[in-house]
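Accompanying notes for the structure given below.
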Amino acid sequence: MSAEQLPDDHYRPTYEEIHVQIGEAARRIKTEFDPDLMVAIGGGGFYPARVLRTFLKKPSALDASKMRNIPIQAIGLSLYEEVSGTSEGQIGNEVVRTQWLDAKTVSGHKGPGKIEEGKDAGGLLGKNVLIVDEVDDSRTTLQYAYSELLKDVKNAIANLSAEERQNLAPTRFAIFVVHNKEKEGGKRGTLPILPKDLPKGQDKIVEGLSEGVRYYSTQDIGDVWICYPWEEEDIIEHNRLAALAKKLGVNQAV
Ligand code: 5GP
């Protein structure tokens, strides 16, 4: 293969491109959702979540002149099987949890007394929770992550006293992925995605939980394989191939 040839039809975004795109998406996410914390799906969601955090700082409750980073919680999920015609109930059998949140992390700080800012590692109850992954392909992983986190939050709300429940702010979820792949024939997984133009706070709240989920991606792309820079051992070669694809006008995201 000559230096002017590409080895395959994969799409190769660079670190810089992804960083800029995440920054642009963050502005929208901040205005429409303003997350209190992130749940990153590992390993692909870790790098995007870390970059996103740079753009999603919040003023400190103790000193509004200071900006605070929002917490990132991590879950580990692995999709181990591709089965066509899988029903919703079967999806749970295909996704393996390698790491999950414990009950205390879901509930956050409970009981009397004010917790010191920054020491609440980010309970989910009463918060705006942004689930982060690098790519939404068949949507199986995201459906699993969202529905299981929702279940955990519902259980935690059920364990509150009537008074605590009364005083609890709504819990809302949103999803961020760097790339959303458009699939011919649709996605396997499903999500109750809210309309893009729905104003902030206009979603329906039922028993302390939003009925829908806001959905963000930096790009909707065709069904191609994406090589992420953080997966490459040779980043110089990755960048060379990315520049070559651009020069040749092939393997681009549009
Ligand atoms: P799902 O099919 O559940 O939406 O995606 C499962 C996982 O497959 C993703 O989180 C991601 O790790 C991986 N995946 C799917 N498509 C791609 C791709 O084009 N490139 C890379 N690097 N990983 C992908």
Side-chain angles (χ1 to χ4, degrees), residues 6-19 21-22 25 38-52 72-101 129-151 173-193 213-235 237-239 241-242 245 250-254:
L6 290 163
D8 49 45
D9 63 355
H10 299 172
Y11 169 49
R12 292 179 172 81
T14 65
Y15 273 119
E16 282 76 5
E17 284 165 348
I18 291 172
H19 198 108
Q21 287 169 341
I22 289 179
M38 285 183 259
V39 176
I41 305 177
F46 292 167
Y47 183 82
R50 179 60 193 88
V51 177
L52 204 48
I72 302 176
Q73 296 288 359
I75 57 174
L77 295 178
S78 179
L79 187 65
Y80 73 92
E81 226 182 343
E82 278 284 329
V83 187
S84 58
T86 312
S87 73
E88 237 177 81
Q90 283 174 285
I91 276 175
N93 300 324
E94 291 171 66
V95 181
V96 181
R97 288 182 183 199
T98 53
Q99 190 181 324
W100 199 254
L101 307 181
V129 182
L130 183 64
I131 302 169
V132 180
D133 207 350
E134 89 278 49
V135 54
D136 175 359
D137 182 24
S138 68
R139 199 161 276 177
T140 312
T141 307
L142 284 169
Q143 179 188 329
Y144 181 88
Y146 168 70
S147 62
E148 291 294 299
L149 289 170
L150 201 65
K151 235 188 264 173
F173 286 95
I175 285 168
F176 171 77
V177 288
V178 181
H179 296 108
N180 172 37
K181 284 197 207 173
E182 280 155 350
K183 309 290 274 189
E184 232 174 86
K187 302 260 194 190
R188 189 141 52 94
T190 54
L191 291 166
I193 296 174
V213 58
R214 287 190 186 266
Y215 183 92
Y216 301 96
S217 71
T218 74
Q219 271 179 316
D220 295 339
I221 69 168
D223 196 1
V224 293
W225 188 258
I226 307 158
C227 295
Y228 287 99
W230 48 85
E231 295 169 339
E232 303 292 348
E233 284 188 16
D234 189 346
I235 191 66
E237 178 64 1
H238 174 86
N239 287 347
L241 293 174
V250 296
N251 304 353
Q252 300 304 294
V254 281

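Both counts, for ligands and for their atoms, begin at 1 and track the order of listing. Note that the structure is predicted; figures quoted are calculated from it, not measured.
- Between atom CD of residue Glu94 and atom OH of residue Tyr144 there is a gap of 11.5 Å, rounded to the nearest 0.5 Å.
- At least one N or O atom of Ile226 sits closer than 3.5 Å to an N or O atom of ligand 1.
- Of the listed residues (Ile131, Val39, Leu191, Leu130), just one forms a side-chain contact (heavy atoms from CB on, under 4.5 Å) with Phe173, and that residue is Ile131.
- Atoms of ligand 1 found under 4.0 Å from any heavy atom of Val224 (numbered from 1 in listed order, with element): 19 (O).
- In terms of heavy-atom proximity, Ala242 sits nearest to Arg12 at CB-O, 3.3 Å.
- The closest side-chain donor-acceptor pair between Tyr228 and His179 falls under 3.5 angstrom.
- Atoms of ligand 1 lying under 4.0 Å from any heavy atom of Ser138, numbered from 1 in the order shown and given with element: 1 (P), 2 (O), 3 (O), 4 (O).
- Within ligand 1, the atoms closer than 4.0 Å to a non-hydrogen atom of Asp133 are 10 (O), numbered from 1 in the order shown.
- Using modelled atom types, one finds a donor on one side chain and an acceptor on the other under 3.5 Å when comparing Asn180 with Asp220.
- Interatomic distance, CD1 of Ile75 versus OG1 of Thr141, reported as 9.5 Å (0.5 Å rounding).
- Exactly one residue among Lys183, Lys181, Lys187, Gln143 makes a side chain to side chain donor-acceptor pair (under 3.5 Å) with Asp136. That residue is Lys187.
- Close approach of ligand 1 to Leu79 is summarised as follows: ligand atoms under 4.0 Å from at least one heavy atom of the residue are 2 (O), 3 (O), 6 (C).
- Between Lys187 and ligand 1 there is no heavy-atom distance shorter than 4.0 Å.
- Atoms of ligand 1 found under 4.0 Å from any heavy atom of Thr141 (numbered from 1 in listed order, with element): 1 (P), 3 (O), 5 (O), 6 (C).
- Using a 4.0 Å cut-off between heavy atoms, Arg188 makes no contact with ligand 1 at all.
- When heavy-atom distances to ligand 1 are checked against a 4.0 Å cut-off, Arg139 comes that close only through its backbone atoms N, CA, C and O.
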